[in-house]
Trainee: 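Before we start, here is the structure in question, set down as C-alpha cells.
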Amino acid sequence: MERKKISLLLVPLAAVIAGLAIWGPEALARYRDNSILNQIKTQEMDTGAEGYRFSLSGNEKIYILSKCLNNQIQPESDQNAMTRTDSVDLDYQELTGTYAMVVNRKDSTGQTIPESTGIDLCNQGLRSLKELGILPESVQELSESSYSAVMYSAIDVPEPRNNVLVWKIEMNAGKQNANKENHLLDAYVDADTGKVYEFYARTEISRWEDIDPDGIVNTWAEYVGLSEPEEYQGTNPLSESTPYFKKYTFSGIEEGTTTVTVGFFEGINELFLKVSR
C-alpha cells in the first residue's frame with residue numbers, strides 16, 4: 001500500500017521535472033533577454049588608438065588646414081596642375097614632416113568624385129556667405145567652364161586620422177584675361193560640409209573703411225563652427241602685401257592657435273579671408 005502511495009507521488013513529480021526540462025530553458029532565456037534588451041550599459045575598453053579622432057571640431061579642422069598650408073614649400077604651378085593624375089593613393093608612410101597637403105580624388109568613403117561636385121559645393125558655400133553678409137550679393141556664382149576644383153587631404157602625419165578633406169577652387173589660368181569683377185578667385189571648401197574656410201573675391205566694395213572685419217570674422221566663425229576669435233596682438237604691418245587687414249586667433253589643437261586674416265586690396269576691390277600661412 002505504501003509503495004502504491006510512493007508511485008502516485010512520483011508521477012506528478014516526473015511530470016514537473018519533464019515540464020521544467022522542456023519549458024525551463026526557454027523561460028530562463030526570456031528572463032535573461034528582458035534583463036539585457038532595451039538597457040544601455042557602458043564598459044571601459046582599451047582600444048589602443050588613443051590620440052586618433054574620427055570627427056574633428058571646427059577649430060581642429062582649420063588648425064590642421066592652416067598647418068598644412070604653412071608647410072607647403074611652394075604653391076603648385078599651372079604646369080604641375082595640368083599633369084596631375086586623376087587619383088592618388090595616400091601612402092602615409094611616405095609622407096615627411098608633421099603636416100602635409102596631398103592631392104586626393106576620393107571622398108571620405110573612398111569613392112572617386114567629379115570636379116563638378118567641388119564647384120557645386122563652392123556655389124552652395126558662396127550663397128551662404130552672401131546670405132550672412134560676409135560677401136556682397138553682387139559676387140557671381142561659379143561656372144564649371146571658368147573654374148577648376150582639386151580635392152586635397154590636409155593631414156596631421158603623425159596622427160593620419162586627423163585629416164580634413166577640402167576642395168581647392170580657383171579661376172582657371174586660361175581665364176586670367178576675363179573680367180574678374182564680382183567674381184570669386186580662390187577658395188578652400190570643406191568637402192564634407194561645404195563650409196568655406198578661405199576665399200579671395202573681387203567685389204563692388206571700393207574702400208577698406210566700408211568693411212567691418214570684426215563683423216565678418218565673427219559671422220564666419222559662427223558659420224564654420226568655431227569658438228570666439230581673439231584679436232591678434234603685435235601684428236607686423238609688413239606681414240601682408242596690403243596695409244588694409246586685421247588678424248585674429250582661434251584656439252587649435254592642444255596649445256596651438258590658428259591665425260585668420262581679413263584683408264582688402266584697394267584699387268582692385270579684392271576682399272579676402274584666409275587662414276595663416
Side-chain angles (χ1 to χ4, degrees), residues 51 53 56-76 96-101 125 129 132-136 139 152 154-159 162-164 166 168-170 184-190 195-203 205-277:
R53 293 183 178 85
L56 299 170
S57 69
N59 284 64
E60 290 168 331
K61 284 185 174 182
I62 67 161
Y63 179 81
I64 292 171
L65 177 61
S66 69
K67 287 293 184 182
C68 289
L69 293 174
N70 282 336
N71 281 274
Q72 285 184 316
I73 299 174
Q74 293 179 340
E76 186 177 41
T96 59
T98 306
Y99 295 92
M101 287 285 284
L129 295 182
L132 293 168
I134 295 173
L135 284 174
V139 177
Y152 285 86
I155 304 166
D156 178 354
V157 177
E159 299 283 358
N162 289 352
N163 67 84
V164 186
V166 293
K168 181 181 180 181
I169 310 294
E170 59 185 345
L184 187 75
L185 302 183
D186 299 279
Y188 278 98
V189 181
D190 190 297
K195 303 292 186 181
V196 179
Y197 291 137
E198 177 174 306
F199 65 82
Y200 287 78
R202 299 286 175 89
T203 70
I205 303 171
S206 60
R207 301 190 309 158
W208 173 245
E209 290 78 7
D210 297 328
I211 296 171
D212 177 14
D214 292 345
I216 288 175
V217 79
N218 279 289
T219 303
W220 173 81
E222 184 176 357
Y223 154 74
V224 174
L226 307 179
S227 60
E228 292 186 5
E230 296 183 5
E231 189 171 337
Y232 190 91
Q233 301 297 321
T235 301
N236 180 356
L238 301 179
S239 61
E240 300 291 334
S241 54
T242 173
Y244 307 113
F245 67 90
K246 193 169 183 179
K247 291 182 178 291
Y248 306 85
T249 60
F250 292 87
S251 60
I253 295 177
E254 296 180 350
E255 300 299 320
T257 60
T258 304
T259 302
V260 172
T261 307
V262 176
F264 184 69
F265 293 100
E266 282 195 352
I268 59 174
N269 301 342
E270 187 170 314
L271 174 66
F272 65 87
L273 184 151
K274 69 171 185 176
V275 297
S276 62
R277 66 182 183 277

Trainee: Between E170 and D186, is there a side-chain heavy-atom distance shorter than 4.5 Å?
Mentor: yes

Trainee: Looking at every non-hydrogen atom in both residues, tell me the closest pair between A154 and I64 and how far apart they are.
Mentor: O-CG2, 3.6 Å

Trainee: Heavy atoms only: give me the nearest F250-A221 pair and the separation to one decimal.
Mentor: CE2-CB, 3.7 Å

Trainee: Got a second to check how far Y188's OH is from C68's SG, nearest 0.5 Å?
Mentor: 10.0 Å

Trainee: If I compare all heavy atoms of V224 with all of V196, which pair ends up nearest, and what's the gap?
Mentor: CG2-O, 4.0 Å

Trainee: Would a 4.5 Å heavy-atom cut-off, applied to side chains only, mark F199 and L271 as touching?
Mentor: yes

Trainee: Please identify each residue that fulfils side-chain hydrogen bond (donor to acceptor under 3.5 Å, both in side chains) with T203, with sequence neighbours left out.
Mentor: none

Trainee: About how many Å separate CG of N163 and CD1 of I155, when rounded to the nearest 0.5 Å?
Mentor: 6.0 Å

Trainee: Work out which heavy atom in I253 is nearest to a heavy atom in E60; give both atom names and the distance.
Mentor: CG1-CG, 3.7 Å

Trainee: Are the side chain of Q233 and the backbone N or O of E231 linked by a donor-acceptor pair below 3.5 Å?
Mentor: yes

Trainee: Is the shortest heavy-atom distance from the side chain of S239 to the side chain of F245 under 4.5 Å?
Mentor: yes

Trainee: In Å and rounded to the nearest 0.5 Å, what is the CD to OG1 distance from E270 to T242?
Mentor: 9.5 Å

Trainee: Identify, with sequence neighbours excluded, every residue that meets side-chain contact (heavy atoms from CB on, under 4.5 Å) alongside T249.
Mentor: E230, Y232, T259

Trainee: If you take all heavy atoms of P158 and T98, which pair is closest and at what distance?
Mentor: CD-O, 3.3 Å

Trainee: Which side-chain hydrogen bond (donor to acceptor under 3.5 Å, both in side chains) pairs, counting each pair once, include a residue from residues 219-229, with sequence neighbours left out?
Mentor: N59-S227

Trainee: Working to the nearest 0.5 angstrom, can you tell me the gap between Y197 OH and L226 CG?
Mentor: 8.0 Å

Trainee: Using the test ring pair (Phe, Tyr, Trp, His ring centres under 6.0 Å), find all partners of F272 that sit at least two apart in sequence or belong to another chain.
Mentor: Y200, F265

Trainee: Apply side-chain hydrogen bond (donor to acceptor under 3.5 Å, both in side chains) to K61 and list each qualifying residue two or more places apart in sequence or on a separate chain.
Mentor: D190

Trainee: For residues 205-212, run the donor-acceptor check on the side chains, cut-off 3.5 Å, and write out each pair with its distance to 0.1 Å, sequence neighbours left out.
Mentor:
{"from": "R207", "atom 1": "NE", "to": "D210", "atom 2": "OD2", "distance (Å)": "3.3"}
{"from": "R207", "atom 1": "NH2", "to": "D210", "atom 2": "OD1", "distance (Å)": "3.1"}
{"from": "D212", "atom 1": "OD1", "to": "D214", "atom 2": "N", "distance (Å)": "3.4"}
{"from": "D212", "atom 1": "OD1", "to": "G215", "atom 2": "N", "distance (Å)": "3.1"}
{"from": "D212", "atom 1": "OD2", "to": "G215", "atom 2": "N", "distance (Å)": "3.4"}

Trainee: Rounded to the nearest 0.5 Å, how far does CG of L65 lie from CG of N70?
Mentor: 9.5 Å

Trainee: Give the minimum heavy-atom separation between E198 and L69, together with the two atoms involved.
Mentor: OE1-CD1, 4.2 Å

